[in-house]
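Written out below as structure tokens is the structure these notes cover.
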Amino acid sequence: MMELIIQLISSACFILGALLILSGGVGILRFPDFFTRMHAAGITETLATSLILIGLMLIAGWGLVLFKLVLILLFIMLTSPTASHALAKSAMHGKLTPIIHNNHSG
Amino acid sequence: MNKHTISLFFLLAILWLFNSGLYTPLLLALGLVSVFFVIWLSLRMGIIDDESQPLHLSRKLPAYYWWLAKKIVQSNIDVVVHVWRGNSSISPCVATLPIGQQSEIGKVIYANSITLTPGTVAMNMESDSVLIHSLTAHNMEELRQGEMAQQVNRLEM
Amino acid sequence: MLIMLAIVLLTVMFMALLRALLGPSIYDRILAVNLFGTKTVLLIAVMGFLFGRPEFLDIALVYALINFISVIGVLRYFEYSDNRINGSES
């Protein structure tokens, strides 16, 4: 019974993670300029990654495998803002001007 | 030997033990040697201090992480909705916001939290302000109201 | 379930590659490559579970490290470069 519940939760995590990752992929193709695409990449790097790794953790059970999954999650969560910030900063130095929307009703 | 060095030692030792998974005398000795080598390198570089081992924050960090996780989930859903509704639903904007945090580490936590939540990215940091790009005007307004800044301030005290 | 996840990951990796090919600026390409790297880490981890070989996780961990360092390294190289490589933003 317990195992079935864990299976169900991890499957739910996988489905949600897959949907979010797909949204990020669509966003990176669809959005108009670099800075907005960066936000779309942000979805897949925070919540989608966490959901998929948490789903894997649930089916892994206790042990070294669990520790390694936690380590991968921690590492991605620590490095992704650094990489995003470095990208945004160098894009700004590279004189890339973001599209700015003035109409607040949109 | 201060507390930061000891904390780094335990961190590295745990990292080695759990990543190797093999507990023979040779490998354990090699692990000890590499841990001391890394500590020696860090001491030489002078990077063992409050910033690399923020021990004074460790009691308050879990509450902050919990708040940040909820925030990340919220803003993720927000961005996903904008992805599927298309380009007409977004209103990207750039603004400079002041930073109220005093310590360096407080500023870093604040800017990193801004970048970690989808929808807002910290583009450039000065000593007392941060340049932010946001996906929608609503995101920027929310940040301007300063709930995140308050949470980081609470962490700092 | 794991197979479905692997297929979705491969699809998104293909989308990231498409963005890397389309550009238009060098930063779009670096962003796409960074995304591709993160997805690769996840794909390796999922593959490890799919084949019942948890050793794959070590490779995923090392790949995550290399991905981060290489993105930062490439950005260092392009951060203060001139305008010619940026391409025109449409």
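By convention in this document, chain letters (A, B, ...) are assigned in the order of the sequence lines, proteins followed by strands, and residues within each chain are numbered from 1.
Of the listed residues (C:Thr38, C:Leu31, C:Val8), the one with the most heavy-atom contacts under 4.5 Å to chain A is C:Leu31. Ranking C:Ala60, C:Ala16, C:Ala64 against chain A, the residue ahead of the rest is C:Ala64, based on heavy-atom pairs under 4.5 Å. Ranking C:Ile72, C:Asn34, C:Val71 against chain A, the residue ahead of the rest is C:Asn34, based on heavy-atom pairs under 4.5 Å.
The side-chain heavy atoms of A:Phe75 and C:Val41, taken from C-beta on, include no pair separated by under 4.5 Å. C:Leu42 is listed as a side-chain neighbour of A:Leu53, based on a closest heavy-atom distance under 4.5 Å. Side-chain contact check for A:Phe34 versus C:Ile30: every heavy-atom pair is 4.5 Å or farther apart. Looking only at side-chain heavy atoms (C-beta outward), A:Phe14 and C:Val46 stay at 4.5 Å or farther from each other. Two residues are said to be in side-chain contact when any heavy atoms from C-beta on lie closer than 4.5 Å; C:Asp28 and A:Asp33 fail this criterion. The closest side-chain heavy-atom distance from A:Ile76 to C:Phe68 is not below 4.5 Å.
Expressed to the nearest 0.5 Å, how far CG of C:Leu2 lies from CG of A:Leu56 amounts to 6.5 Å. The NE2 atom of A:His85 sits 11.0 Å away from atom CG of C:Leu75, with the distance rounded to the nearest 0.5 Å. Put simply, CE on C:Met4 and CD1 on A:Ile15 are 5.5 Å apart, with the number rounded to the nearest 0.5 Å. Atom CG of A:Leu22 is separated from atom OG1 of C:Thr11 by 6.5 Å, given to the nearest 0.5 angstrom. Note that CG of A:Leu64 and CD of C:Glu55 are 12.0 Å apart. Values are rounded to the nearest 0.5 Å. Once rounded to the nearest 0.5 Å, the distance linking CG of C:Asn67 with OG1 of A:Thr79 reads 7.5 Å.
In this structure, chain A has heavy atoms under 4.5 Å from both the backbone and the side chain of C:Leu61. The parts of A:Ala60 that come within reach of chain C are both its backbone and its side chain, each placing non-hydrogen atoms under 4.5 angstrom from that chain. For A:Ile52, the part sitting under 4.5 Å from any heavy atom of chain C is the side chain, from C-beta outward, and nothing else.
Counting non-hydrogen atoms of other residues, nucleotides and ligands closer than 6.0 Å to CD1 of C:Ile3 gives a total of 12 or fewer.
A donor-acceptor pair under 3.5 Å links the side-chain atoms of C:Tyr27 to the main chain of A:Ser90, judged by distance alone.
The heavy-atom pair separating A:Leu29 from C:Arg19 by the smallest distance is O-NH2, 3.0 Å. Counting all heavy atoms, side chain and backbone alike, A:Arg37 lies closest to C:Pro24 at NH1-CD, 3.9 Å.
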Distance-only criterion, 3.5 Å: show the donor-acceptor pairs between side-chain atoms of residues 3-11 of chain A and protein atoms not counting sequence neighbours.
{"residue": "A:Ser10", "atom": "OG", "partner": "A:Gln7", "partner atom": "O", "Å": "3.1"}
{"residue": "A:Ser11", "atom": "OG", "partner": "A:Gln7", "partner atom": "O", "Å": "2.9"}

